[in-house]
Amino acid sequence: MDDPFIDEIRTLAKRRKAVILAHSYQPPVIQDMADFVGDSLGLSRQAASTDAEVIVFCGVLFMAETAHILSPEKTVLLPVLDAGCPLADSITAEQLRGMQREHPNAETVVYINSTAAVKALSYSCCTSANSVEVVESVPSDEVIFAPDLNLGTWIAGRTGKRMHIWEGDCFAHSHADLDHMLRLRDEHPDAELLVHPETSPECWDAADHVLGTSGMIEHVGSSTVRTFLIGTEEGMVYRLSTLFPDREFIAAGRIRCHNMKKIEPVSVLRSLRLLEPVISLEPELREAARAAVVRMTDLG
Ligand code: CIZ
């Protein structure tokens with residue numbers, strides 16, 4: 001790692017008693033400087049258990065909000081404040097209330113990619129890693145799911161629940177280039193294609209396995225296959241390459257989230273120097289959202 005700011009970031013992070021958390025979709029230089037790299041569930045758990053005083057969250061806004069919800073006594077920094085998630089913003093609390101009025105017997109499960117206000121109205125959150133278990137654990141036969149239509153459809157096919165799904169999408173995943181995936185399959189006939197459930201059903205059909213990012217890591221760890229075509233945000237290719245240097249990983253489907261690429265070392269350094277931008281929520285909203293997040297983390 002040869003970025004000119006890295007040494008200063010390390011020194012300052014130590015002085016500030018800060019931990020740097022990075023999502024697996026972050027650029028390589030950010031993954032390399034982080035104390036922990038993972039998916040939003042793993043990073044939420046790190047945020048809840050760390051004894052650091054400051055959490056520098058290298059990801060997008062809903063993730064930093066989740067860290068704040070779980071660790072309100074810590075200072076949570078998001079180095080670039082406009083690193084948002086259009087999927088999370090695709091449903092407002094008012095729109096979710098509308099769905100809840102239409103389906104009064106349904107419990108609500110929301111993807112962790114949602115705003116705190118939406119989480120606050122929900123029975124539980126889920127991530128792609130635990131979505132099926134969370135939805136199965138809900139004490140009703142009917143479930144409202146938001147905001148990702150593809151993930152919701154994926155879950156609906158794997159549970160016995162009647163699901164009412166919001167029609168949101170992750171632009172990067174839902175526009176995954178299927179032809180690119182198929183071309184790579186032809187070029188690498190021995191490779192396995194792993195795709196994320198936020199991609200379209202056509203991508204699932206073309207894939208060997210449909211998995212969230214932690215599921216991809218588990219799968220590769222227990223597989224003897226040498227080459228994998230990775231149908232999720234391309235930062236995951238670097239994550240897998242660092243974990244499994246003896247395997248080959250190729251980005252499939254041209255899936256790139258621009259918001260995930262906004263944080264750079266210089267923004268991490270600025271954030272540590274100034275201790276801002278701080279992510280904070282009104283205590284009432286935070287506590288209401290916390291119930292849904294904790295229900296998910298408690299599931300194991
Ligand atoms: O849960 C996450 O971190 C996301 C956004 C994707 C995944 O599959 O891990």
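Numbering of ligands and ligand atoms starts at 1, following listing order.
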Practice problem: Inspect the contact between Asp39 and Arg45 and indicate whether a charged nitrogen and a carboxylate oxygen are less than 4.0 angstrom apart. | Solution: no
Exercise. State whether a side-chain donor-acceptor pair under 3.5 Å links Glu198 with Ser128.
Key: no
Using distance only, find each side-chain donor-acceptor pair of residues 230-240 under 3.5 Å and give its atom names and separation, not counting sequence neighbours.
from   : atom 1 : to     : atom 2 : distance (Å)
Thr232 : OG1    : Tyr25  : OH     : 2.9
Thr232 : OG1    : His173 : NE2    : 2.7
Glu233 : OE1    : Gly235 : N      : 2.7
Glu233 : OE1    : Lys261 : NZ     : 3.0
Glu233 : OE2    : Cys257 : N      : 2.8
Glu233 : OE2    : Lys261 : NZ     : 3.1
Glu234 : OE2    : Arg256 : NH1    : 2.6
Tyr238 : OH     : Asp32  : OD1    : 2.7
Tyr238 : OH     : Asp32  : OD2    : 2.8
Arg239 : NH2    : Val37  : O      : 3.3

Quiz item: What heavy-atom pair brings Gln95 and Ser90 nearest, and what distance separates the two atoms?
Solution: OE1-O, 3.8 Å
Quiz item: Salt-bridged, Asp190 to Arg226, with N to O below 4.0 Å?
Solution: no
Name each N or O atom in ligand 1 that is under 3.5 Å from a protein N or O, and give the partner atom and the distance.
from     : atom 1 : to     : atom 2 : distance (Å)
ligand 1 : 1 (O)  : Ser40  : OG     : 2.7
ligand 1 : 3 (O)  : His23  : NE2    : 2.6
ligand 1 : 3 (O)  : Ser40  : N      : 2.7
ligand 1 : 3 (O)  : Ser40  : OG     : 2.9
ligand 1 : 8 (O)  : Ser128 : OG     : 2.5
ligand 1 : 8 (O)  : His196 : NE2    : 2.6
ligand 1 : 8 (O)  : Thr213 : N      : 2.9
ligand 1 : 9 (O)  : Thr213 : OG1    : 2.5

Quiz item: Quick check: are there more than 12 heavy atoms from other residues, nucleotides or ligands sitting under 6.0 Å from CD of Glu284?
Solution: no
